[in-house]
**Student:** 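Quick one: the structure is below, and I'll ask about it shortly.
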Amino acid sequence: MTNDSREEVQAIVIEDWLGKSAILDLGPNIQGVQVWGPQTNANFQADLLTWYDQNKRQLPWRMDPTPYHVWVSEIMLQQTQVDTVIPYYQHFLQRFPTIESLAEAQEADLMKAWEGLGYYSRVRNMQTAAQTVVKEFAGQFPQTYDEIIQLKGIGPYTAAAIASIAFNEAKAAVDGNAMRVYSRLLGISADIAKSKHHKLFFAIGDYLIAKDRPGDFNQAIMDLGSSFETAKAAMPLLSPVADYTLATLTGQTEAFPVKSKKKKPKVYYYDALIIKNQQDRVLIQQRDQDQLLAKLWTVPLFSHPEKKDQEVWTNLVAETKAKYDFSPVVAKQAIGQVKHVFSHQVWYITIYLAYVKAEDANFIRDLDQKSTKSDWVSAYDLSRHAYPTVQMKIWQAYRDYLTDKNQ
DNA sequence: AATGCGGGGTG
DNA sequence: CACCCAGCATT
């Protein structure tokens with residue numbers, strides 16, 4: 001615990017709280033706490049936990065909160081909403097019910113289980129951590145924050161969540177949700193998008209947390225952030241701790257938290273080539289390890305600097321020849337368009353159809369020898385590889401084209 | 001401290 | 001459309 005950087009924050013002055021400053025003293029000599037004015041921290045915890053006991057959400061990972069269950073749920077919930085996670089969580093635990101089964105899994109099976117969930121390095125890191133647990137902890141999940149945070153893919157938030165929920169350790173799990181709640185609670189105007197301010201919110205959480213029920217406290221803050229204290233359309237007056245919430249008391253809910261804007265995503269244009277062989281199967285390839293959507297499968301994508309219009313198919317033939325050493329026959333007309341938005345990129349994709357000439361039908365062998373992992377698949381059987389959502393959109397556009405053509 | 005990394009939900 | 005969401009690793 002002594003090496004925990006979160007203890008470096010000593011004292012925090014919160015200005016303009018009902019006309020005076022409130023002082024949070026987070027050093028070894030906690031004293032003079034005026035956070036709640038006439039209220040107390042104990043009152044706050046009791047009111048919050050009473051509300052939580054009566055109104056908590058029934059979530060799958062709350063049914064049997066083993067360390068493994070909590071861990072899987074917390075990794076999935078990183079930057080991902082509860083409703084999205086639930087079906088993935090159920091299926092993942094069915095497929096990989098124990099830490100050992102996760103440690104021993106084939107990477108391709110892991111990717112398939114994570115297909116469509118995004119941030120795919122999460123599941124690879126989780127397997128690395130599972131292997132660490134099996135080897136270095138004899139299969140027993142480490143039980144303290146300081147040990148847990150050293151596992152791959154587990155940072156300050158997730159380590160605190162697991163330590164508090166599964167092992168009852170009094171560490172605040174502070175994510176964007178919690179920072180919003182704490183910001184409104186105490187009227188803190190520090191920009192929550194700046195990493196230098198994060199230790200402030202962790203320190204506040206560690207001070208406020210109910211030491212006897214840390215896991216429930218952390219989850220109560222989450223539930224609060226997803227109900228009455230949402231980012232948009234909040235209902236602060238209905239909050240169980242409205243009487244403690246500075247932003248509500250002063251009618252400034254919308255002013256908190258302060259959060260600077262993100263940069264706009266960069267725009268890219270691609271041509272997607274659906275290359276069919278004699279069996280109507282389509283060429284796909286696995287993306288490189290260090291690329292966006294690493295290890296996932298797509299049809300060949302050819303980037304070009306900006307939007308273009310005519311004569312593209314001649315370029316595609318040349319580019320395919322250069323990249324794959326064969327010349328497909330490319331249809332002149334695009335069969336569809338796809339737009340896909342990532343957090344930091346936007347892709348505009350034009351889809352072209354092509355087929356392999358008989359004399360080139362065996363070129364796949366040469367492709368694999370160039371360490372480009374390739375395969376031929378039916379657009380109606382997507383079970384054999386993990387595809388990112390953008391490829392799912394391309395498959396859909398292709399099937400729509402086939403359907404239209406047959407009518 | 002800034003950037004890369006997915007995808008879906010919401011007003 | 002813009003913004004948000006149970007963040008972390010890397011540089």
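Only this structure's heavy atoms are used, side chains among them; waters, hydrogens and symmetry mates stay out. None of the values given here were measured: they were computed from a predicted structure. Numbered from 1 within each chain, the chains take letters A, B, ... in sequence-line order.
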**Student:** Name the atoms and distances for all side-chain donor-acceptor pairs under 3.5 Å in residues 379-386 of chain A, with sequence neighbours left out.
**Tutor:**
unit_1, atom_1, unit_2, atom_2, d
D381(A), OD1, S383(A), N, 3.2
D381(A), OD1, S383(A), OG, 2.6
R384(A), NH2, D375(A), OD2, 2.9
H385(A), NE2, D375(A), OD2, 2.8

**Student:** Does the side chain of Q45(A) come under 3.5 Å of the side chain of R213(A) through a donor N or O and an acceptor N or O?
**Tutor:**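 There is no such pair (donor and acceptor under 3.5 Å, judged by atom type) between the side chains of Q45(A) and R213(A).
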**Student:** Looking at K339(A), does any N or O in its side chain come under 4.0 Å of the phosphate oxygens OP1/OP2 on dC1(C)?
**Tutor:**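 So the side chain of K339(A) is within the cut-off, an N or O lying under 4.0 Å from OP1 or OP2 of dC1(C).
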**Student:** Output all residues satisfying ring-ring contact (aromatic ring centres under 6.0 Å, His included) with W395(A), sequence neighbours left out; order by chain, then residue number.
**Tutor:**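 Scan of W395(A) (ring-ring contact (aromatic ring centres under 6.0 Å, His included), adjacent residues dropped) gives Y387(A).
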**Student:** How many whole angstroms separate atom CE of M179(A) from atom C1' of dC4(C)?
**Tutor:**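 After rounding, the gap between these two atoms is 12 Å.
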**Student:** Hey, does S73(A) reach any base, or is it just sugar-phosphate, or nothing, if we go heavy atoms under 4.0 Å?
**Tutor:** nothing
**Student:** Over how many whole Å does the gap from D191(A) atom CG to dC4(C) atom P extend?
**Tutor:** 11 Å
**Student:** Show me the pairs that pass ring pair (Phe, Tyr, Trp, His ring centres under 6.0 Å) and involve residues 157-189 of chain A, at least two apart or across chains.
**Tutor:** none
**Student:** Return each pair, listed once, that meets side chain to side chain donor-acceptor pair (under 3.5 Å) where at least one residue sits in residues 116-139 of chain A; pairs must be two or more places apart or across chains.
**Tutor:**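 Output for this query lists T80(A)-R122(A).
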**Student:** Not counting sequence neighbours, which residues clear side chain to side chain donor-acceptor pair (under 3.5 Å) with N168(A)? List them please.
**Tutor:** none
**Student:** Quick one, which residues of residues 85-101 of chain A touch DNA chain B with a heavy atom under 4.0 Å?
**Tutor:**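 Residues of residues 85-101 of chain A under 4.0 Å from DNA chain B: none.
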**Student:** For dG8(B) and dA9(C), measure between their P atoms and round to the nearest Å.
**Tutor:**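 24 Å, rounded to whole Å.
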**Student:** When all nucleic acid strands are considered with a 4.0 Å heavy-atom cut-off, which category describes I192(A): base, sugar-phosphate, or nothing?
**Tutor:**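 If one applies the 4.0 Å heavy-atom cut-off, I192(A) turns out to touch nothing in the nucleic acid.
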**Student:** Taking only side-chain nitrogens and oxygens of K261(A), does any of them come within less than 4.0 Å of OP1 or OP2 of dA2(C)?
**Tutor:**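 No, because none of the side-chain N or O atoms of K261(A) sits under 4.0 Å from OP1 or OP2 of dA2(C).
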**Student:** Side chain of K232(A) only, please: which of dA6(C), dA9(C), dC3(C) is the nearest?
**Tutor:**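 That would be dC3(C).
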**Student:** When all nucleic acid strands are considered with a 4.0 Å heavy-atom cut-off, which category describes W61(A): base, sugar-phosphate, or nothing?
**Tutor:**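 Counting heavy atoms under 4.0 Å across all strands, the contact made by W61(A) includes a base.
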**Student:** Quick one: on DNA chain C, does E74(A) or I154(A) contact a more 5' nucleotide (nearest heavy atom)?
**Tutor:**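 Per heavy-atom nearest nucleotide, the more 5' residue is E74(A).
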**Student:** Could you tell me if H340(A) and K393(A) have a donor-acceptor pair between their side chains, going purely by distance under 3.5 Å?
**Tutor:** yes
**Student:** Between G225(A) and N125(A), name the one whose nearest nucleotide on DNA chain C is closer to the 5' end.
**Tutor:**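 By nearest-heavy-atom nucleotide position, the 5'-most residue is G225(A).
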**Student:** Please give, in whole Å, the distance from dC8(C) C1' to M76(A) CE?
**Tutor:** 17 Å
**Student:** Who are the side chain to side chain donor-acceptor pair (under 3.5 Å) partners of H197(A), not counting sequence neighbours?
**Tutor:** none
**Student:** Using atom types as modelled, flag every donor-acceptor pair under 3.5 Å from a side chain in residues 104-111 of chain A to any protein atom, sequence neighbours excluded.
**Tutor:**
unit_1, atom_1, unit_2, atom_2, d
E107(A), OE1, K295(A), NZ, 3.0
E107(A), OE2, K295(A), NZ, 3.0
D109(A), OD2, R95(A), NH2, 3.3

**Student:** On the ring face of Y145(A), is K171(A) found with NZ or CZ under 6.0 Å from the centre and within 45° of the axis?
**Tutor:**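 Pair K171(A)/Y145(A) counts as cation-pi.
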**Student:** Check the distance between dC8(C)'s P and I148(A)'s CD1 and give it to me in whole angstrom.
**Tutor:** 13 Å
**Student:** Whole angstrom is fine here: how far is it from CD1 in I75(A) over to P in dG7(C)?
**Tutor:**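 Checked: the CD1 to P distance equals 11 Å.
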**Student:** Restricting to pairs with a member in residues 87-112 of chain A, which pass ring pair (Phe, Tyr, Trp, His ring centres under 6.0 Å), not counting sequence neighbours?
**Tutor:**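 Those involving residues 87-112 of chain A are W61(A)-Y89(A), F92(A)-F96(A), F92(A)-W114(A).
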**Student:** Touch check for R124(A), heavy atoms < 4.0 angstrom, all strands: base, sugar-phosphate only, or nothing?
**Tutor:**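 R124(A): no heavy atom of the nucleic acid under 4.0 Å.
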**Student:** Between protein and nucleotides 2-7 of chain B, map the contacts as a letter string: B base, S sugar-phosphate only, - none, heavy atoms under 4.0 Å, written 5' to 3'.
**Tutor:** SSSBBB
**Student:** Would you classify A161(A) as touching base, sugar-phosphate or nothing, given that sugar-phosphate means primed atoms plus P, OP1 and OP2, and contacts are heavy atoms under 4.0 Å?
**Tutor:** nothing
**Student:** Listed in order of residue number, which residues of residues 104-112 of chain A have a non-hydrogen atom at under 4.0 Å from DNA chain B?
**Tutor:**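 Per residue number, the list is empty: none.
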**Student:** From the options dG7(C), dC4(C), dA6(C), select the nucleotide whose nearest atom is closest to the side chain of R62(A).
**Tutor:**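 When the side chain of R62(A) is considered, dA6(C) is the closest of dG7(C), dC4(C), dA6(C).
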**Student:** Going by the rule ring-ring contact (aromatic ring centres under 6.0 Å, His included), which residues pair with H69(A) if we only count those two or more places apart in sequence or in a different chain?
**Tutor:**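 Partners of H69(A) under the ring-ring contact (aromatic ring centres under 6.0 Å, His included) test: none.
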**Student:** For the pair made of NZ in K259(A) and P in dA2(C), what is the distance, rounded to whole Å?
**Tutor:**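 After rounding, the reported distance stands at 16 Å.
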**Student:** For S239(A) and P236(A), indicate whether the former's side chain and the latter's backbone hold a donor-acceptor pair under 3.5 Å.
**Tutor:** no
**Student:** For dG6(B) versus dT11(C), give the span between their P atoms, rounded off to a whole number of Å.
**Tutor:**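 Comparing P positions in dG6(B) and dT11(C) gives a spacing of 16 Å.
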